[in-house]
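Have a look at the structure below before the remarks.
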Amino acid sequence: MKFKYIFLLAFFGLSLSCCAQNEQVIDSLKRLIRIAPKDTTKIFAYISLGQIFENFNIDSAIYYYQKAGNLSKEINSAEGEFKYISNYSAVLNTLGKYDQSLAINFKSYLLAKKVKSPKNEAIALSNIAASYQFNSEFSKSLEYYIKAMVLFEKIGVNKHLSLICSNICGLYLSLNQPQEALKYALKGVQLNTDSKNINGICSAYINLGNAYKDLKKYDEALKAQEIAYKFANQVNNYQLKANACVNIADIYLVTNRNKDELIKKYEEANFYFKAQNDPYGEALCLRGIAISFFNEKQCGEARKYTIQAFEIAKNAGIQSEIIKNSLLLSDIELCLGNIDSYSYYRNLYDSTNIIYNRNNSLKDVKELEVKYEIVKKEKALAEKNLAFNKIYDETRQKDQMLITLGIGILLLIGTLFFAFRFFKQKRILNEQALSTLKAEQENIKLKSHLEGQEVERRRISQEMHDEIGSGLTSMMFLSHTIQSTKDDEQFLLTAQRIGKLSNDLSSQMNEIIWSMNQEYNSLADLIAYIRQQISELIENANTDFNFEFPEIIPDIQLSGLQRRSLYLVIKESVNNALKYAQATNITVKCEINTEINFTIKDDGKGIPAAEFKQFGNGLRNMQNRMKEIGGKFIIQTKEGTAVSFSIPLNN
């Protein structure tokens with residue numbers, strides 16, 4: 001009798017993939033649930049129903065998944081519980097309930113280890129990684145993807161590797177590395193095409209389109225998204241259709257073409273997001289339509305759609321969308337001449353953005369902890385290298401033994417035949433072990449690289465938050481002051497302060513962007529930038545100056561932190577000479593030998609001992625900047641002031 005139910009369930013599964021009329025399949029599965037006993041057949045029927053409803057009715061999908069989970073616990077079915085958790089956790093990720101998703105996936109992982117099921121253990125690891133990725137915890141996500149990938153390769157299960165490739169592609173896109181993302185997207189397309197997995201093919205082409213878009217290859221991106229949309233329609237998957245529609249509309253928006261088709265795609269995606277009760281997707285689509293109207297100077301229509309998006313994000317508590325829509329609304333209200341509304345939304349944007357950035361900073365791992373983790377990973381990599389070399393030496397020894405046995409086979413054919421087979425099998429096992437270790441080695445290198453970039457990203461984010469955020473806050477308060485003052489002189493002074501603050505903020509932002517740009521990471525680029533910025537600074541002060549830089553500058557690469565620290569120390573030194581030293585001539589000199597050494601010399605009055613404390617904070621800041629990049633800092637105040645600082649070339 002049980003085989004009959006299993007056959008029926010298999011038949012319905014085939015119908016699900018081949019029949020376009022979901023209603024017939026749903027009715028058939030419900031009939032099966034009514035007649036089937038409480039066993040795995042009924043559990044799988046519940047899960048199949050959940051998978052169908054997940055495309056257009058998320059609440060019904062949750063209901064059937066939970067029925068499958070409850071029945072799995074009742075009859076103590078580990079396999080049923082694995083399938084329930086795997087499907088239900090995906091729904092929780094869609095709804096933004098990442099903590100709940102992580103909790104049940106860790107439970108699935110522990111259950112898989114308990115019942116000794118390597119395949120389900122690897123699936124649970126992959127699901128844990130996906131939950132971390134949805135929550136933007138990329139380092140943890142990559143850690144669990146690596147564990148899952150190694151385990152899948154070890155047990156020879158390749159169909160799940162395509163999903164991991166897709167998710168790692170998403171990680172690289174989040175880290176703004178589209179070229180690396182493209183490699184995994186292409187690999188995902190190939191793996192899913194080989195396995196003829198329509199949903200997988202669709203997801204892989206969506207990733208491929210996003211990678212091309214970030215590389216600004218918009219024609220290739222549009223073609224990939226259109227292929228994804230075609231496959232999503234074949235399986236009538238609302239989530240995939242929504243994603244493909246949004247991506248196509250985004251490409252139209254970026255390239256400023258097909259406005260009518262752009263709005264249709266956003267509206268179609270919005271329909272699918274509504275059906276899945278996805279407020280983030282709804283807000284995203286409405287904001288895209290609003291931007292399209294705003295670009296066409298149709299501010300009334302733009303305002304209508306932006307307010308709808310803002311209300312949806314506000315009711316759902318989606319901070320990132322509240323911030324983006326507040327900024328867009330402030331621009332729209334300004335264009336419409338509604339100054340009060342502009343001020344309201346601009347102040348809302350400023351305050352919400354500051355709180356959001358602060359919360360994200362608290363959520364991030366401290367830089368010191370990240371560096372410690374990187375050291376641990378490098379140590380693990382070294383241990384893997386030792387193990388790799390040991391196995392390689394053992395493999396060479398086995399090869400030599402095989403050669404010796406091959407020579408003796410002429411004398412002892414019968415005995416050596418079995419010995420040859422034995423050592424051949426050992427060699428295959430050793431090669432498999434070598435392959436696994438190589439994969440782990442590459443994955444650890446990749447993770448260390450990504451974590452290092454994460455450290456740099458957080459440092460730049462904190463610097464922008466500290467310097468730009470404080471300046472914007474000051475400008476906001478000055479703007480309130482200038483609105484309330486009636487004194488013309490006070491009004492003029494406050495306006496001048498706002499103008500100076502805006503110029504300073506613009507200069508600081510340009511300096512931060514310059515330090516982030518990897519195209520200017522050489523010493524020659526730094527010296528060119530110093531010539532441009534410092535000469536302008538000194539010329540504005542009507543002071544004589546000269547630069548003494550080498551005619552031939554060696555090809556020396558510097559990190560963003562090194563370039564920014566050196567430039568800021570030079571800028572601070574020149575500022576001090578202009579403001580306090582009463583110098584008539586300033587010399588900026590660079591020497592390169594075993595170190596990169598800069599000297600800023602002026603012919604001013606120096607720093608008297610009585611005034612030395614006045615410069616204490618500035619000097620400490622310069623010393624700390626040089627210390628942070630492993631450099632030295634010296635100041636001499638005889639016959640003017642000479643500030644010297646250097647970093648060794650091996651840094």
Side-chain angles (χ1 to χ4, degrees), residues 9 13 17 40 43-48 50-51 54 61-62 64-66 68-69 71-73 76-95 97-135 137-138 140-171 184 187-188 191-192 194-204 207 237 239-240 436 439-440 443:
L9 184 60
S17 62
T40 54
I43 294 172
F44 296 156
Y46 279 132
I47 289 173
S48 296
Q51 290 171 338
E54 192 175 330
I62 291 172
Y64 285 112
Y65 287 149
Q66 289 178 340
L71 183 55
S72 298
K73 292 177 182 177
N76 197 27
S77 170
E79 191 63 32
E81 194 160 359
F82 289 137
K83 291 187 179 297
Y84 148 69
I85 290 175
S86 184
N87 285 277
Y88 184 47
S89 67
V91 172
L92 290 174
N93 287 334
T94 301
L95 297 176
K97 300 179 180 179
Y98 309 123
D99 291 339
Q100 293 182 38
S101 177
L102 277 172
I104 63 172
N105 280 320
F106 273 114
K107 180 181 178 182
S108 177
Y109 173 69
L110 294 175
L111 179 61
K113 288 183 73 68
K114 181 179 178 181
V115 300
K116 298 181 179 179
S117 174
K119 179 181 176 182
N120 285 313
E121 184 181 339
I123 292 172
L125 289 170
S126 180
N127 290 337
I128 290 169
S131 296
Y132 278 128
Q133 184 175 359
F134 273 108
N135 202 27
E137 297 184 61
F138 300 128
K140 289 183 179 179
S141 176
L142 184 59
E143 177 183 349
Y144 283 96
Y145 277 137
I146 290 170
K147 291 179 180 179
M149 182 178 289
V150 170
L151 192 52
F152 277 132
E153 290 175 345
K154 183 177 180 181
I155 61 179
V157 178
N158 293 326
K159 65 180 182 179
H160 291 283
L161 292 177
S162 60
L163 178 59
I164 294 179
C165 286
S166 175
N167 292 339
I168 292 179
C169 171
L171 273 175
Y184 282 92
K187 187 175 180 180
L191 288 169
N192 283 292
D194 292 343
S195 63
K196 299 180 180 180
N197 178 2
I198 302 299
N199 283 313
I201 293 172
C202 181
S203 297
N207 284 329
N237 187 312
Q239 183 65 46
L240 293 175
T436 300
E440 291 180 357
N443 288 331

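Just so you know, residue 1 is the first one in the sequence shown, and it goes up from there.
Y132 and Y144 have parallel rings, their planes meeting at less than 30° on a 0 to 90° scale where 60° marks the start of perpendicular.
Residues passing the side chain to side chain contact (heavy atoms under 4.5 Å, CB included) test with T94 are Q239, sequence neighbours excluded. By the side chain to side chain contact (heavy atoms under 4.5 Å, CB included) test, A148 pairs with L125, S126, F152, I164, sequence neighbours left out. With sequence neighbours excluded, no residue forms a side chain to side chain donor-acceptor pair (under 3.5 Å) with Q100. Remark: Y84 engages Y88 in a ring pair (Phe, Tyr, Trp, His ring centres under 6.0 Å) (not counting sequence neighbours). Applying the side chain to side chain donor-acceptor pair (under 3.5 Å) rule to S117 yields the partners N120; only residues at least two apart in sequence or on another chain are considered. N199 is linked by a side chain to side chain contact (heavy atoms under 4.5 Å, CB included) to N197, V235, N237, L240, counting only residues two or more places apart in sequence or in another chain. Every residue was checked against the salt bridge (charged side-chain N to carboxylate O under 4.0 Å, His left out) condition with K187, not counting sequence neighbours, and none meets it. When the ring pair (Phe, Tyr, Trp, His ring centres under 6.0 Å) test is applied to Y64, the partners found at least two apart in sequence or on another chain are F53. The side chain to side chain donor-acceptor pair (under 3.5 Å) test applied to S101 returns N93, N105, S131, not counting sequence neighbours. Shown here are the side chain to side chain donor-acceptor pair (under 3.5 Å) partners of S72, two or more places apart in sequence or in another chain: there are none.
Atoms CG and CG, from L92 and D99 in turn, are 10.5 Å apart once rounded to the nearest 0.5 Å. Separating the CG atom in L142 from the CG atom in N167 is a distance of 11.0 Å, to the nearest 0.5 Å. Here L95 contributes atom CG and F134 contributes atom CZ; the two are 10.5 Å apart, rounded to the nearest 0.5 Å. Residue E79 holds its CD atom at 5.5 Å from CZ of F44, rounded to the nearest 0.5 Å. The CG atom of L191 sits 11.0 Å away from atom CD1 of I201, with the distance rounded to the nearest 0.5 Å. Here the CD1 atom belonging to I123 is positioned 12.0 Å from the CD1 atom belonging to I128, to the nearest 0.5 angstrom.
Residue pairs meeting the salt bridge (charged side-chain N to carboxylate O under 4.0 Å, His left out) criterion with at least one member in residues 105-115, sequence neighbours excluded: E81-K107, K113-E121. Residue pairs meeting the salt bridge (charged side-chain N to carboxylate O under 4.0 Å, His left out) criterion with at least one partner in residues 122-133, sequence neighbours excluded, do not occur; the list is empty.
Residues S108 and N127 fail the side-chain proximity criterion, which asks for heavy atoms closer than 4.5 Å. In this structure, the side chains of I47 and I43 come closer than 4.5 Å at one or more pairs of heavy atoms. Put simply, the side chain of L102 does not reach to within 4.5 Å of the side chain of N135, judged on heavy atoms.
Residues Q133 and L171 come closest through the heavy atom pair NE2-N, 3.3 Å. In this structure, A61 and G50 approach most closely via the heavy-atom pair CB-O, 3.3 Å.
Side-chain atoms of Y65 come within 3.5 Å of backbone atoms of Q51 as a donor-acceptor pair (strictly under, hydrogens ignored).
If you check the side chains of E137 and Y98, you find no donor sitting under 3.5 Å from an acceptor.
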